[in-house]
Amino acid sequence: MTYAELKAEADKRWAAKQSTNRTRIVLNESAPDYDMGGRRTKAALQDEIAKRGLDVSLERTGNFGMDWKCPLVKVIRPSSPAVWYGPLHAADVSGFLDEAVDGKKVNNDLALFVEGEKGFEGIRPLAELGWWKPQHRIIMELWGHIDPEDIYDYIANGGYGALQKVMAGEIAPDKVIEELKTSGLAGRGGAYFPTGIKWEGAMRARGRPKFVVCNTEEGEPSIYKDRRICESNPHQLIEGMSIAAFVIGSHKGYNYIGPHPLAVERFNHALKQANEVGVLGKQVLGFDFELDIETRRGFGSYVSGEASAMQASIEGGRAMPRVKLQRSVEAGIWEKPTCVNNTETYSFVAPILHNGGKWFSEIGKGMTGTKMYSITGHNEYVGLVEVPFGIPVRTFAEDLAGPIRSGRPIKSIVFGGPTGGPIPPQLFDTPADPKDCNNIGVLAYGAGGVIVLDDSACHLDVIKYFMAFMENQSCGKCTPCRIGCHELLLTLDRISQGLGVAADILTLEDMGDEVAKLSICGHGQAAPYPVFMVLKHYRDEIEAHIVEKRCPAGVCPMKPPEEVAQSGFLLMQPVTVH
Amino acid sequence: MSGRGPEGSLPWTDSYDVSEVDAIVERNKWRRGAALEILEDIQEHFGWVSPAAVQRVAELTDFSPNYLYGVVTFYDEFRIAPPGTVRVDVCNGSACALNREDHILHELERLLSLKEITDTSPYELFTQNKFGYVSDDGRVILRKVDCVGACQLAPLFRVGREGDHHDIRFIGPVTPESTEPQLRSAFSEMGTSLPSGGEGTRAPGDQFHKGNLG
């Protein structure tokens, strides 16, 4: 089908959906909702609606970012604003329907907020929530509003319009790259390489065939933004990949998704739909251009998120990084030109082409645009946010992360997941931006993991946990990473048992430096960064473990002094991460 | 190499019908990067990758068994021993680790009649339970897994049937005191009971884990 036909069909369906006189109950159906019992809630709702013979429509949408209130439900009554409720468990369904639908009342204990600017019957509007105010949603704009399993919902909201413009020649490939360069869009996987330059390299590369690859592998603890994109708006990603394929002249795309069943399921479903309506396939949108996109499943390995390791995995082998003599735009999978980008990066392409690169470049300070962060830790508001670059770290502590569950004060905020570093409260005015964070010692800003720590955490314990993860997930190909991470872990463990000596700090610094400089891929290069950051800002805490033989936070299993005398034996003790 | 546990008495099927592997190979063998695709399909279809299946794939394709085992043991989601019927996974993500998930692990070990498993060598911190610990009746496998992405519940564990992505119960936030009632209610909702007696064994397969130095 051509785009005009699709758009007409989509508009018709969307208008029918909106203009209904029935009450609409829109369930959030993404992994956190299912984790919290969303499937049982849905079944209970269906049963109860059938039993009472209610005239309501039960719809589906993706994630909204409020993971701590899942399962979320949105109720739209005719001629009143949409009200969100959560958490709605199966047991609460009966009472919920009594009030929310039968009783036509809104003041429900579960009511969270009202969409829009104004309050409604005593419920606060979304615009007044501290969690919402700093946010600027570009990727997440349609999340919570469209059905991720219905391509027409996306098309009715402007989806695939950018692809049509590119295919029809309204925006020539050169112009696409120019817009991307103007926008300043940089790779969101953690390296922040300018996307426009990468695509230009891939376009100019002479090898054939070319490949477009999307990296949706997230193996590290506490980062879950990419899989949510596949769950909540997979078509935006497909549109970005299709544009990339047309621009560089590729006919084959791969999306490498980690072991996240729902993300794989939703993305495959989206691909099937796109093929059915002719967005993908032999003739993309009716133009003479063939494109096939395929899902590749990662089977659980952190290092396969590294670009060259992912390529090895797509080729069907062990996900081991390669020494890059040529950039992957010259020689990627099967030594062919490959355009590898992160899920988030691809998803930005369509909005940028819609609104122009200049619009994007005016958002954010420092680096341009917005960034998705997954926030977790000791805080209350665990979930996903999308905020412009350059807002102070303090905003995360005060608004986005919410109160600390235990009521204790914040000790630090870790940016960048297991390769980031804890930022102390006195530096909370630093803008959250890769460059500024590099200046204070967070060398790998990473893919947007934020972990909030209260003062019950011990930084030595935290970096030991990170190092244990990096040691375990090291593929073992190059020696500095394989042996270095292991020795760093043993050293940290020795200190945490009260067996540390003054020279251990030097060991950490020197060996960390070697590991960072000599490893062949980003895994080893970034593994010691948290150690450097802690030694920079929390040296007293480490020294207290070594000199005073005590753990200030009372977490580490410090051995009593009489056992320390037998340190020769204890060195052989296994490491335990609580 | 046997699919059986150390006692040789566990109620697992030792192998499965390898002829079904032929269809999987046939479906995938012309794809680019076929090795991983074939093995992933085998894993999803049977729940584990048996030695006979690897042998069969090697016969039908150009890949050596050596290469195929290299792939299987690299990724954490592959199992090279039969799964139990019920899986109990303790999340080891950062939010759970910060909230002291180890206490819950100890409590679960007690409730599932397993002996203490947290004393490990440094090589196995994270995937020490890649294959997990299995109760004496062979039904329940307890594992410590990487972040499951449900940090709002931390610290948490999840209970589900092996191979079923849909009916999984995420249970959290748990405290050591609340572990027992929450585990019991999850098991009774699933229509099964806690294993009783015995001390459990390490699920077979660990010896083939990639182990960096060991």
Side-chain angles (χ1 to χ4, degrees), chain A residues 31-32 34-37 39 67-68 70 219-224 227 259-262 296-302 304 313-319 334 374 376-378 382-383 417-418 451 453 457 462 465-466 468-469 471-476 482-483 486 489-490 493 574-578, chain B residues 31-40 43-44 63 67 70-78 91-103 118-128 145-154 156 158 165-170 173 210-213:
Chain A
Y34 286 160
D35 297 352
M36 307 287 273
R39 289 183 206 272
D67 289 5
W68 76 98
C70 286
E220 63 254 68
S222 69
I223 292 186
Y224 42 81
R227 68 189 86 163
H260 320 304
L262 188 66
R296 282 296 163 103
R297 291 159 297 171
F299 248 53
S301 155
Y302 172 54
S304 53
S313 184
I314 289 176
E315 289 171 17
R318 291 163 73 99
W334 295 288
S374 43
T376 165
H378 284 134
V382 170
I451 304 167
L453 305 178
V462 170
Y465 168 82
F466 289 159
F469 178 75
E471 189 262 0
N472 175 267
Q473 292 294 325
S474 169
C475 78
R482 183 180 67 235
I483 308 282
H486 184 71
L489 173 62
L490 284 185
D493 185 57
V575 181
T576 50
V577 167
H578 47 261
Chain B
R31 298 176 71 178
R32 292 187 176 107
L36 191 53
E37 293 291 309
I38 291 170
L39 292 168
E40 284 177 351
Q43 164 71 33
E44 298 224 321
F63 304 110
Y67 177 87
V71 173
V72 168
T73 52
F74 189 85
Y75 297 95
D76 291 346
E77 297 284 305
F78 282 113
C91 178
N92 192 22
S94 31
C96 296
L98 285 169
N99 288 302
R100 302 277 167 276
E101 105 289 349
D102 56 327
H103 300 312
T118 37
D119 53 343
T120 60
S121 77
Y123 316 116
E124 298 178 277
L125 274 176
F126 269 81
T127 44
Q128 59 171 310
V145 296
D146 286 349
C147 190
V148 298
C151 306
Q152 69 273 21
L153 286 170
L156 75 128
R158 62 179 181 189
H165 296 314
H166 287 220
D167 192 24
I168 300 180
R169 274 146 234 278
F170 285 68
K210 70 181 183 208
N212 290 339
L213 294 169

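The chains referred to below are lettered A, B, ... by the order of the sequence lines, with proteins before strands, and numbering in each begins at 1.
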Minimum heavy-atom distance between A:Ser222 and B:Cys147, given as atom pair plus value: N-SG, 3.2 Å
Proximity breakdown for B:Tyr67 and chain A, heavy-atom pairs closer than 4.5 Å: side chain
Segment of A:Pro259 engaging chain B (4.5 angstrom heavy-atom cut-off): side chain
Which atoms of A:Ser313 approach chain B - backbone, side chain, both or neither, heavy atom under 4.5 Å: both
Worked verdict on B:Ile168 versus A:Tyr34 for side chain to side chain contact (heavy atoms under 4.5 Å, CB included): CA-CA 9 Å; B:Ile168 300 180; A:Tyr34 286 160; over 6 Å; no
Non-hydrogen atoms of A:Tyr465 and B:Gly93 that approach each other most closely: OH-C, 2.9 Å
A:Arg297/B:Glu77 under salt bridge (charged side-chain N to carboxylate O under 4.0 Å, His left out): CA gap, chis, key distance, verdict: CA-CA 11 Å; A:Arg297 291 159 297 171; B:Glu77 297 284 305; over 6 Å; no
Side chain proximity check, B:Val148 to A:Asp35, heavy atoms < 4.5 angstrom: no
Heavy-atom pair of closest approach, residues A:Phe466 and B:Ser94: CE2-CB, 4.5 Å
Among the listed options B:Leu36, B:Leu39, B:Leu153, the residue most often paired with chain A at heavy-atom distances under 4.5 Å: B:Leu36
Part of A:Phe299 lying under 4.5 Å from any heavy atom of chain B: both
Most contacts with chain B, counted as non-hydrogen pairs under 4.5 angstrom, among A:His378, A:Glu220, A:Arg227: A:His378
Interface residue of largest heavy-atom contact number with chain A, from B:Ala35, B:Gly70, B:Ala34, under 4.5 Å: B:Gly70
Atom group of A:Ile314 that falls short of 4.5 Å from chain B, counting heavy atoms: backbone
A:Leu453 versus chain B, the contacting section by heavy-atom distance below 4.5 Å: side chain
Heavy-atom pair count under 4.5 Å with chain B, highest-scoring of A:Ala319, A:Gly219, A:Gly298: A:Ala319
Residue part contacting chain B, namely of A:Ala31, when any heavy atom lies under 4.5 Å: neither
Contact summary for B:Asn99 and A:Gly377, nearest pair of heavy atoms: ND2-O, 4.1 Å
Partner chain B: residue of A:Gly317, A:Pro418, A:Ala457, A:Gly37 with the largest heavy-atom pair count (under 4.5 Å): A:Gly317
Nearest-0.5 Å distance, CZ of residue B:Arg32 to CZ of residue A:Arg296: 9.0 Å
Flag side-chain contact, heavy atom, 4.5 Å: B:Cys151 against A:Tyr224: yes
From CA spacing to verdict: side chain to side chain contact (heavy atoms under 4.5 Å, CB included), A:Arg39, B:Asp167: CA-CA 8 Å; A:Arg39 289 183 206 272; B:Asp167 192 24; over 6 Å; no
Least distance between heavy atoms, B:Gln152 atom then A:Asp67 atom: CG-O, 3.4 Å
